[in-house]
Amino acid sequence: QVQLVESGGGLVHPGGSLRLSCEVSGTIFRLYTYGWYRQAPGKQRELVATITNGRATNYADSVKGRFTISRDNALDTVFLQMNSLEPQDTAVYYCNAVNEWNDARYWGQGTQVTVSS
């Protein structure tokens, strides 16, 4: 069974940084495109960033230049480095995996990020 387990969320002040991790198990890590999504209260879930097995990346305009998505195939882990955090970044962040061959999709449980003074 494919499992995505997230960690790294928490409470930070504006301008602070967090690094989220998504550990993947139960499948071949490199076969997937991975993404980070977030959902704020009362809002729809939105794409934050994606990274392919070839390490092509895509970012939402709202986080471009502040967030960096990366993957470590040896550790079966996807990261989201978040710098210069703003209150509007407050949301539950979800890790997502999409199989590049059969389009199977999986989600993590979500981790809370709160940016507040």
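Numbers here are sequence positions counted from 1. Computed from a predicted structure; not experimentally measured.
- Counting only residues at least two apart or on different chains, no ring pair (Phe, Tyr, Trp, His ring centres under 6.0 Å) pair has a member in residues 67-87.
- Take Phe29 and apply the ring pair (Phe, Tyr, Trp, His ring centres under 6.0 Å) test, not counting sequence neighbours, and it matches Tyr34.
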If you look only at distance, which donor and acceptor atoms sit under 3.5 Å apart when one is on a side chain in residues 110-117 and the other is two or more places apart or in another chain?
| residue | atom | partner | partner atom | Å |
| --- | --- | --- | --- | --- |
| Thr111 | OG1 | Gly9 | N | 3.4 |
| Gln112 | NE2 | Ala91 | O | 3.4 |
| Gln112 | NE2 | Thr114 | OG1 | 3.3 |

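- Here Thr33 contributes atom OG1 and Ile51 contributes atom CD1; the two are 9.0 Å apart, rounded to the nearest 0.5 Å.
- Sorted by first then second residue, the salt bridge (charged side-chain N to carboxylate O under 4.0 Å, His left out) pairs that include residues 50-62, not counting sequence neighbours, are Asp61-Lys64.
- Listed by chain and number, the residues in a side-chain hydrogen bond (donor to acceptor under 3.5 Å, both in side chains) with Thr57 amount to none (sequence neighbours excluded).
- Listed by first then second residue, pairs satisfying side chain to side chain donor-acceptor pair (under 3.5 Å) with a partner in residues 72-81 read Arg71-Asn73, Gln81-Asn83, not counting sequence neighbours.
- Legend: disulfide bond (SG atoms under 2.5 Å apart) pairs involving residues 21-113, not counting sequence neighbours, sorted by first then second residue: Cys22-Cys95.
- Applying the ring pair (Phe, Tyr, Trp, His ring centres under 6.0 Å) test to residues at least two apart or on different chains, the pairs with a partner in residues 95-117 are Tyr37-Trp107.
- Listed by first and then second residue, the disulfide bond (SG atoms under 2.5 Å apart) pairs that reach into residues 50-88 come to none, sequence neighbours excluded.
- In this structure, Val5 stands alone, with no Ile, Leu, Val, Met, Phe, Trp or Tyr side-chain heavy atom under 4.5 Å from its own, directly or through other members.
- Screening residues 27-50 for salt bridge (charged side-chain N to carboxylate O under 4.0 Å, His left out) gives Arg38-Glu46, Arg38-Asp89 as the qualifying pairs, with residues at least two apart or on separate chains.
- For residues 105-117, the salt bridge (charged side-chain N to carboxylate O under 4.0 Å, His left out) pairs, not counting sequence neighbours, are Asp103-Arg105.
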